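Okay, so here's the structure we're looking at.
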Amino acid sequence: MSIEPVAADSRQSRQMARQRAITEAVMAQGAVRIEELAERFDISVMTVHRDLDELESRGILRKSRGVATATATSLVESSDIYRTGREKREKEAIALAAMDFVEPGQAILLDDSTTVAHMAPHLQSKVPLTVITNVLTLINELRGARGITLLSLGGEYYNWCSAFMGRMTTQAISNLRADTFLMSTAAITDDIVFHQALETVDIKRAMFDSASRRILLVDHTKFEKRALHALAPLSAFDTVIVDAGTPDHHIARMRDQGIHVVVAPLRGVAGVPRARSARGDFDH
């Protein structure tokens, strides 16, 4: 009975990895012939067409006359397919540090970021938990997880980020009060959190307002990017978790503003210390 979901998850993971690779290849060249993609990735032309149809439906790539072309970079970078493959080690380290802010019995809100998605495999270590999310991939991963009460937020489904958004979603969030909201962002400019899509800002603002504590998970690349719509200043968050690759001047500047910053070390090495807090010691 349990074999079919595992097989399905495996197929989905392979498909996402392949689509991510296709997206990056097309972005790098601007335009690539479909036959060339099939040869490069050792797959059939029919499979390439299916992948491109999915990517086109998400607004990531375009397919025309046997050629795949890239759409606007900002939209591509907003898509979950693109984001999932970026800074994996850093995101995993940040997600592990964020688990220090989750306690059994809490109700937590999780956003559609791929950084927060790295927390999903670790959540059962803190059960019982109530998890509230609008993200279809998280809903699928956490459904049936023992000790986790899953509250899914409906609304209009947005394929490019695998999440439900819109007025129905924000109204549902406004009727809830969570202990902690864990989120990431597309960009940080002038120490303000920015996102490319206004719909994303509306949902995250509703979640922000419905939680007692707000934790921002952000890797070092976000300080180098720009996006269109402002959400909140960094000082509005209770804690900002960054990875060890974040330049010291960003960390020092935030701490000078009284922001509680946690630096998440890259894991995987025996004896690695836990995340450093704003006080310079280690969180427990």
Side-chain angles (χ1 to χ4, degrees), residues 9 80 83-84 86-135 137-153 163 176-185 193 204 207-208 210-222 234 236-246 251 254-255 259-284:
D9 289 346
D80 61 329
R83 290 181 288 125
T84 299
R86 316 300 293 184
E87 289 75 46
K88 280 188 174 182
R89 289 186 65 209
E90 291 85 351
K91 291 175 180 178
E92 177 66 15
I94 292 169
L96 285 170
M99 290 302 301
D100 288 343
F101 296 89
V102 178
E103 298 296 337
Q106 286 186 334
I108 62 173
L109 278 159
L110 303 181
D111 78 345
D112 66 343
S113 66
T114 54
T115 307
V116 168
H118 280 270
M119 296 180 67
H122 308 290
L123 290 175
Q124 282 192 285
S125 68
K126 295 296 182 80
V127 297
L129 278 178
T130 296
V131 176
I132 310 162
T133 187
N134 63 322
V135 186
T137 48
L138 280 176
I139 293 167
N140 285 335
E141 184 167 355
L142 295 174
R143 72 182 192 274
R146 185 171 299 175
I148 292 179
T149 299
L150 181 62
L151 300 184
S152 59
L153 300 165
L176 301 170
R177 293 296 180 268
D179 295 296
T180 305
F181 174 36
L182 298 116
M183 62 162 281
S184 189
T185 187
V193 168
K204 297 195 185 196
M207 291 180 169
F208 189 98
S210 294
S212 297
R213 183 167 60 170
R214 298 93 173 208
I215 311 296
L216 180 66
L217 287 60
V218 56
D219 69 75
H220 65 276
T221 66
K222 302 304 192 301
L234 294 177
F237 291 88
D238 295 279
T239 298
V240 176
I241 305 176
V242 299
D243 69 274
T246 304
I251 297 171
M254 288 188 287
R255 289 176 173 169
I259 298 169
H260 180 230
V261 181
V262 170
V263 181
L266 288 177
R267 310 285 174 130
V269 179
V272 134
R274 300 187 72 178
R276 286 187 286 117
S277 76
R279 295 175 297 278
D281 55 0
F282 297 101
D283 288 342
H284 297 284

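These numbers come from a predicted model, not from an experiment.
- L217 has its side chain within reach of V116: a pair of non-hydrogen atoms, C-beta onward, lies under 4.5 Å apart.
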Practice item. Go through D238 and R213 one step at a time and tell me if the salt bridge (charged side-chain N to carboxylate O under 4.0 Å, His left out) criterion holds. Key: CA-CA 6 Å; D238 295 279; R213 183 167 60 170; over 6 Å; no
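- In terms of heavy atoms, L138 sits closest to A120 at CD2-CB, 3.8 Å.
- When all heavy atoms of V263 and A244 are compared, the pair lying nearest together is CG1-CA, 3.8 Å.
- Taking 4.5 Å as the limit, every side-chain heavy atom of E90 sits out of range of all side-chain heavy atoms of T221.
- With rounding to the nearest 0.5 angstrom, the CG atom of L96 is 9.0 Å from the CE atom of M119.
- Nearest heavy-atom pair across L182 and A98 is CD2-CB, 4.0 Å.
- When side chains are defined from C-beta on, L123 counts as touching M99, because their heavy atoms get closer than 4.5 Å.
- Counting all heavy atoms, side chain and backbone alike, T115 lies closest to S184 at OG1-OG, 3.9 Å.
- For the pair V218 and V193, the minimum side-chain heavy-atom distance is 4.5 Å or more.
- For the atom pair CG (D112) and OG1 (T133), the distance works out to 8.0 Å, reported to the nearest 0.5 Å.
- The two residues F101 and Q106 make their nearest non-hydrogen contact at O-OE1, 3.6 Å.
- Under the 3.5 Å distance criterion, the side-chain polar atoms of Q124 are left unmatched by any main-chain donor or acceptor of G147.
- For the pair E141 and P121, the minimum side-chain heavy-atom distance is below 4.5 Å.
- Taking the side chain as every heavy atom from C-beta outward, I94 and H118 never approach each other to under 4.5 Å.
- Within the 4.5 Å cutoff, no side-chain heavy atoms of L266 are placed close to those of D243.
- Atom-to-atom distance recorded for F208:CZ and R214:CZ is 4.0 Å, nearest 0.5 angstrom.
- Atoms CZ and NE2, on R255 and H260 in that order, are 8.0 Å from each other to the nearest 0.5 Å.
- Rounding to the nearest 0.5 Å gives a distance of 11.5 Å between CD1 of I148 and CG of L151.
- Rounded to the nearest 0.5 angstrom, I215 CD1 and T239 OG1 are separated by 4.0 Å.
- Side-chain atoms of H122 and V102, non-hydrogen and from C-beta on, never get closer than 4.5 Å to each other.
- Contact record, N140 with R143: O-NH1, 2.7 Å, taken as the closest heavy-atom pair.
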Check your understanding: Can you list the steps and then say if T114 with K91 is a side-chain contact (heavy atoms from CB on, under 4.5 Å)?
Key -> CA-CA 8 Å; T114 54; K91 291 175 180 178; 2.8 Å; yes
